[in-house]
Amino acid sequence: MTIGSVLSLLQAEFPAVTVSKLRFLEDQGLVSPTRTGSGYRKYSQADVERLRYTLTQQRDNFLPLRVIRENLEELDAGRTVEVSRPARMVAVDGNLVAPARGARVTARELSELTGASLKEIDDIVVSGLLTPDARGRFTARAVSVVQLAAVLSQRGIAPRNLRSMRSNAENTGNLVEQVVAPGRTQHTAVARERSAADAAELAEVASRLYAELLRISVDESS
């Protein structure tokens with residue numbers, strides 16, 4: 001299949017996918033279409049499935065490309081890959097649903113997705129862990145924030161005691177942005193895609209570092 005044919009196949013399920021996105025995923029080693037003598041890309045059905053898997057993991061599980069690449073290598077080797085799923089709720093028709101990446105949810109929808117009360121969500125907002133937009137909506141990632149904050153609250157750590165975590169996250173986010181900023185100003189879509197992927201992977205490394213530092217702190221105090 002040509003890249004145009006692949007794009008037509010995938011856009012029904014992933015409306016935001018573009019030719020530049022497909023080229024970027026190839027550049028990142030997620031898929032390797034063959035080339036004709038004239039240099040045109042030719043995709044097999046297996047290539048399409050790899051792209052579908054990659055796009056699904058990005059959209060539904062927010063996985064960085066590095067992790068997706070590792071998962072594909074495991075699958076290629078015949079091994080099973082387990083992927084943690086985001087928080088979900090049961091819809092009226094019995095289907096499992098969750099906010100898509102980039103989606104916005106209201107406080108009530110956030111309550112339905114997490115099981116937290118509106119009062120608990122308000123406490124999290126007042127603490128500064130979450131900030132709604134001008135229309136009072138939250139990002140899809142707010143689902144995980146509410147769930148994790150609720151677990152800590154149940155164990156005696158109230159949201160108000162976590163205020164510094166948000167400011168620390170913002171400071172680290174600013175550092176990541178400084179690193180990837182040059183790529184965001186590039187005129188090519190591939191360069192911008194690469195910049196976004198770099199930002200996601202840097203955020204993943206930073207979060208792991210924070211987790212290890214926290215574990216060290218707990219170990220030293222015990």
Side-chain angles (χ1 to χ4, degrees), residues 7 10-11 13-32 47 49-76 81-88 98-105 110 113-114 129-133 137-149 165-215:
L7 183 65
L10 294 174
Q11 278 188 326
E13 188 175 355
F14 308 97
V17 71
T18 61
V19 167
S20 63
K21 175 74 171 183
L22 298 181
R23 289 172 177 163
F24 170 72
L25 293 178
E26 177 187 351
D27 184 61
Q28 294 300 301
L30 279 303
V31 65
S32 300
D47 291 328
E49 291 308 314
R50 291 177 75 87
L51 287 168
R52 180 173 284 113
Y53 175 86
T54 298
L55 295 169
T56 298
Q57 296 307 318
Q58 282 192 307
R59 181 193 64 192
D60 296 350
N61 297 315
F62 313 115
L63 293 185
L65 292 181
R66 174 185 55 78
V67 175
I68 296 174
R69 189 184 306 112
E70 292 171 355
N71 287 351
L72 284 169
E73 290 172 356
E74 290 293 300
L75 292 170
D76 288 342
V81 173
E82 292 187 8
V83 180
S84 58
R85 305 293 295 179
R88 294 180 179 267
R101 187 176 187 177
R104 293 277 173 168
V105 294
L110 194 54
L113 286 163
T114 63
L129 291 180
L130 286 177
T131 303
D133 62 17
R137 301 174 303 172
F138 302 87
T139 68
R141 291 189 184 276
V143 171
S144 295
V145 172
V146 170
Q147 283 196 317
L148 295 171
M165 293 182 68
R166 174 63 185 266
S167 59
N168 290 338
E170 290 178 345
N171 290 336
T172 304
N174 289 336
L175 293 175
V176 170
E177 179 59 29
Q178 290 176 25
V179 172
V180 303
R184 296 196 191 282
T185 61
Q186 297 296 313
H187 296 298
T188 66
V190 170
R192 291 194 296 272
E193 290 278 5
R194 182 180 294 108
S195 178
D198 287 344
E201 295 197 10
L202 285 172
E204 176 70 16
V205 173
S207 67
R208 291 183 178 181
L209 173 60
Y210 178 82
E212 290 305 318
L213 293 174
L214 180 57
R215 292 187 182 100

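Start at 1 with the first residue, then count along the sequence. Owing to the predicted nature of the structure, the values given are computational and were not obtained by experimental measurement.
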> Mind listing the closest non-hydrogen atom pair of Y210 and M165 along with its distance?
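Between these two residues, the closest heavy atoms are OH-CE, 3.8 Å.
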
> For Q11 and V17, which heavy atoms make the closest approach, and how far apart are they?
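The answer is NE2-O, 3.2 Å.
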
> Which residue, L65, T54, I68, forms the side-chain contact (heavy atoms from CB on, under 4.5 Å) with Q28?
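When L65, T54, I68 are each tested with Q28, the side-chain contact (heavy atoms from CB on, under 4.5 Å) holds only for L65.
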
> Are L25 and L55 close enough that some pair of their side-chain heavy atoms sits under 4.5 Å apart?
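Of all side-chain heavy-atom pairs linking L55 with L25, at least one is under 4.5 Å.
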
> Looking only at atom types and distance, does a side-chain atom of R50 sit under 3.5 Å from a main-chain N or O of L30, one as donor and one as acceptor?
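Between the backbone of L30 and the side chain of R50 there is a qualifying donor-acceptor contact (under 3.5 Å).
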
> Take T56 and E13 through the side-chain contact (heavy atoms from CB on, under 4.5 Å) test and state the conclusion after the steps.
CA-CA 9 Å; T56 298; E13 188 175 355; 4.2 Å; yes

> Does the side chain of L130 come within less than 4.5 Å of V146's, by heavy atoms?
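The answer is yes; the side chains approach within 4.5 Å.
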
> Could you check whether any side-chain heavy atom of Y53 comes within less than 4.5 Å of a side-chain heavy atom of L75, counting everything from C-beta outward?
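Yes, side chains in contact.
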
> Start with the C-alpha gap between E204 and R208, add the side-chain angles, then the distance that decides, and say whether salt bridge (Lys or Arg N to Asp or Glu O under 4.0 Å) holds.
CA-CA 6 Å; E204 176 70 16; R208 291 183 178 181; 3.1 Å; yes

> Please report the interatomic distance CG(L72) to CD(E49), rounded to the nearest 0.5 Å.
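Here the rounded value is 11.5 Å.
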
> Can any side-chain N or O of T172 pair as donor or acceptor with the backbone N or O of A169 at less than 3.5 Å?
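Absent.
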
> Can you tell me how far the NZ atom of K21 sits from the OG1 atom of T18, to the nearest 0.5 Å?
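Answer for the NZ-OG1 pair, K21 versus T18, is 8.0 Å.
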
> Any idea which heavy atoms bring R66 and E201 closest together, and the distance?
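Distance-wise, the nearest heavy atoms are N-OE2, 3.0 Å.
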
> Do any N or O atoms from the side chain of T114 and from the backbone of Q147 form a donor-acceptor pair under 3.5 angstrom?
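Side chain of T114 to backbone of Q147, a donor-acceptor pair under 3.5 Å: no, none is there.
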
> Does some side-chain heavy atom of E73 sit less than 4.5 Å from a side-chain heavy atom of R69?
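Side chain of R69 against side chain of E73, heavy atoms only: contact under 4.5 Å found.
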
> Can you tell me how far CG of L209 sits from CG of L214, rounded to the nearest 0.5 angstrom?
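The CG atom of L209 is 11.0 Å from CG of L214, to the nearest 0.5 Å.
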
> Flag the pair T139 / R104 as yes when at least one side-chain heavy-atom distance between them is below 4.5 Å, and no otherwise.
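In short, these two side chains touch, coming nearer than 4.5 Å.
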
> With side chains defined as the heavy atoms from C-beta onward, is the minimum distance between E26 and D47 less than 4.5 Å?
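Side chain of E26 against side chain of D47, heavy atoms only: no contact under 4.5 Å found.
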
> Salt bridge between E170 and R166, side-chain N to carboxylate O under 4.0 Å?
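Yes, E170 and R166 are salt-bridged.
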
> Quick one: pull up CG in D27 and CG in L22 and give me the separation to the nearest 0.5 Å.
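CG of L22 is found 12.5 Å from CG of D27.
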
